[in-house]
Amino acid sequence: MLCLKNANHVSEIEVLDRAFHYGDGCFSTARIRQDRVELYDRHLARLQLSNQKLSLHADLALIAESLELLRESESQLNGTLKIVLSRGVGERGYSLPEHPADLWVFYYPQALHDLKYEQIQSGVLQQALGLTMPGLVGLKTLNRLEQVLLKQEADQRGWSEALVTDVQGGVVEGVSSNCFICINNTWITPELRYNGVFGVMRAEILQRMQDQGIACQQRYIDMEEIAHIQSLFFCNALNPMKIVTQFEQRSLDGDACIELFNRLRLNQMS
């Protein structure tokens, strides 16, 4: 693993960094293949939105500088890239420091492999998400305690990913993914009105579906509709499609997901 802070190689984090004390910041995790960050424009747009809404004032030009430094260190970049904006060092208390946020880049090398779909077993978790402050809905902030607890439950049930609802009884997403659900032969993805993360792969799939003339509703999905799910898949920037073939006690139609994967060419990311 390599780590850069504001385009400088580092190996330590300061103990007064607000990311540690308050989870004060945001992040985006991307796949980098053959020196190219997949869905880079979408990751950058999401970071820009969070940078503005959280008043972080980070210099996002440091991302490109950091990538150049990484390319100097490695013959070819393949793996996972995590970009973190942290408010940085501050005094005790919630008041914001005046300096711009720090920009961290973490690079985790991995062997190059083709983008493929996975087929998994899944279900609905018992724990539910709370409702998010409106100004934070969709942002991928550093506060991920809900996901930590949800992942613990999913692991205990032997599921690599699982469907998550909120306290109002609406379907939201997966633990670390967005979801697409087919009900009555129509694709739907939760609208993320009160919680959830605006995923870059979700946005890419929605755009490709629109380009292909494939209808997909973005709407509220009530828990009662879960019993009528025909097909279900999860997606995030590191995995374009996790197809659920066994959903608790019943089988789902995975072929519809595979057909969609091929039609949208999700094995190819720009």
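Hydrogens, waters and symmetry mates are skipped; everything else that's a heavy atom, side chains included, is used. What you see is a predicted model, and the numbers here were worked out from it, not measured in a lab. For this chain, numbers begin at 1 and follow the sequence in order.
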Between Thr80 and Gln110, is there a side-chain donor-acceptor contact under 3.5 Å, judged purely by atom types and distance? yes
Any luck finding a side-chain donor-acceptor pair between Arg265 and Gln212 under 3.5 Å? no
N/O donor-acceptor pair under 3.5 Å between [X] side chain and [Y] backbone:
| X | Y | value |
| --- | --- | --- |
| Arg46 | Phe198 | yes |
| His21 | Gly93 | no |
| Asp59 | Ala61 | yes |
| Asp17 | Val89 | no |
| Tyr107 | Asn78 | yes |
| Glu38 | Ala237 | no |
| Asp102 | Asn6 | no |
| Glu161 | Ser122 | no |
| Arg87 | Arg18 | no |
| Asn236 | Ser176 | yes |

Any heavy-atom pair between the side chains of [Y] and [X] that's under 4.5 Å?
| X | Y | result |
| --- | --- | --- |
| Asn178 | Met201 | no |
| Tyr194 | Val172 | no |
| Cys182 | Asp253 | no |
| Asp155 | Lys151 | yes |
| Glu173 | Leu129 | yes |
| Glu225 | Ile181 | no |
| Cys257 | Trp187 | yes |
| Leu47 | Leu103 | no |

Counting neighbours of [atom1] on [X] that are heavy atoms of other residues, nucleotides or ligands and sit closer than 6.0 Å, is the number greater than 12?
| X | atom1 | value |
| --- | --- | --- |
| Gln156 | CD | yes |
| Arg250 | CZ | yes |
| Met133 | CE | no |
| Tyr108 | OH | yes |
| Gln268 | CD | yes |
| Met269 | CE | yes |
| Leu112 | CG | yes |

Specify the closest pair of heavy atoms between [X] and [Y], including all atoms of both residues, with the distance to one decimal.
| X | Y | value |
| --- | --- | --- |
| Glu12 | Trp104 | O-CH2, 3.7 Å |
| Val167 | Ala128 | N-CB, 3.9 Å |
| Asn184 | Gln230 | N-OE1, 3.0 Å |
| Ser50 | Cys26 | CB-SG, 3.5 Å |
| Ser160 | Ile120 | OG-CG2, 3.6 Å |
| Ile229 | Ile183 | CA-CG1, 4.1 Å |

Is [Y] reachable from [X] through a run of hydrophobic residues whose side-chain heavy atoms are each under 4.5 Å from the next?
| X | Y | answer |
| --- | --- | --- |
| Leu44 | Leu85 | yes |
| Leu69 | Leu60 | yes |
| Ile188 | Val171 | yes |
| Val105 | Leu142 | no |
| Ile221 | Val164 | no |

Pairwise distance [atom1]([X]) to [atom2]([Y]) - rounded to 0.5 angstrom:
| X | Y | atom1 | atom2 | result |
| --- | --- | --- | --- | --- |
| Ile83 | Tyr40 | CD1 | OH | 6.5 Å |
| Cys216 | Gln218 | SG | CD | 6.5 Å |
| Ser11 | Leu4 | OG | CG | 11.5 Å |
| Leu206 | Cys235 | CG | SG | 8.5 Å |
| Leu264 | Glu259 | CG | CD | 10.0 Å |
| Thr132 | Glu146 | OG1 | CD | 6.5 Å |

Side chain to side chain contact (heavy atoms under 4.5 Å, CB included), that's the test. Do Trp159 and Glu248 meet it? Break it down for me. CA-CA 10 Å; Trp159 298 334; Glu248 296 186 344; 4.1 Å; yes
Angle between ring planes, Tyr22 versus Tyr94, binned at 30° and 60°: parallel, tilted or perpendicular? tilted
Hey, does the Lys NZ or Arg CZ of Lys82 hover above the aromatic six-ring of Phe27, less than 6.0 Å from the centre and inside 45° of the axis? yes
Between Arg157 and Glu153 (salt bridge meaning N to carboxylate O under 4.0 Å), is one present in this structure? yes
Trace of the side chain to side chain contact (heavy atoms under 4.5 Å, CB included) decision for Val175 with Leu125: CA-CA 9 Å; Val175 176; Leu125 296 182; 3.8 Å; yes
Worked check of side chain to side chain contact (heavy atoms under 4.5 Å, CB included) between Lys116 and Asp114: CA-CA 6 Å; Lys116 298 179 180 179; Asp114 294 334; 4.2 Å; yes
Take Leu266 and Arg208 through the side chain to side chain contact (heavy atoms under 4.5 Å, CB included) test and state the conclusion after the steps. CA-CA 9 Å; Leu266 295 181; Arg208 294 190 185 195; 4.0 Å; yes
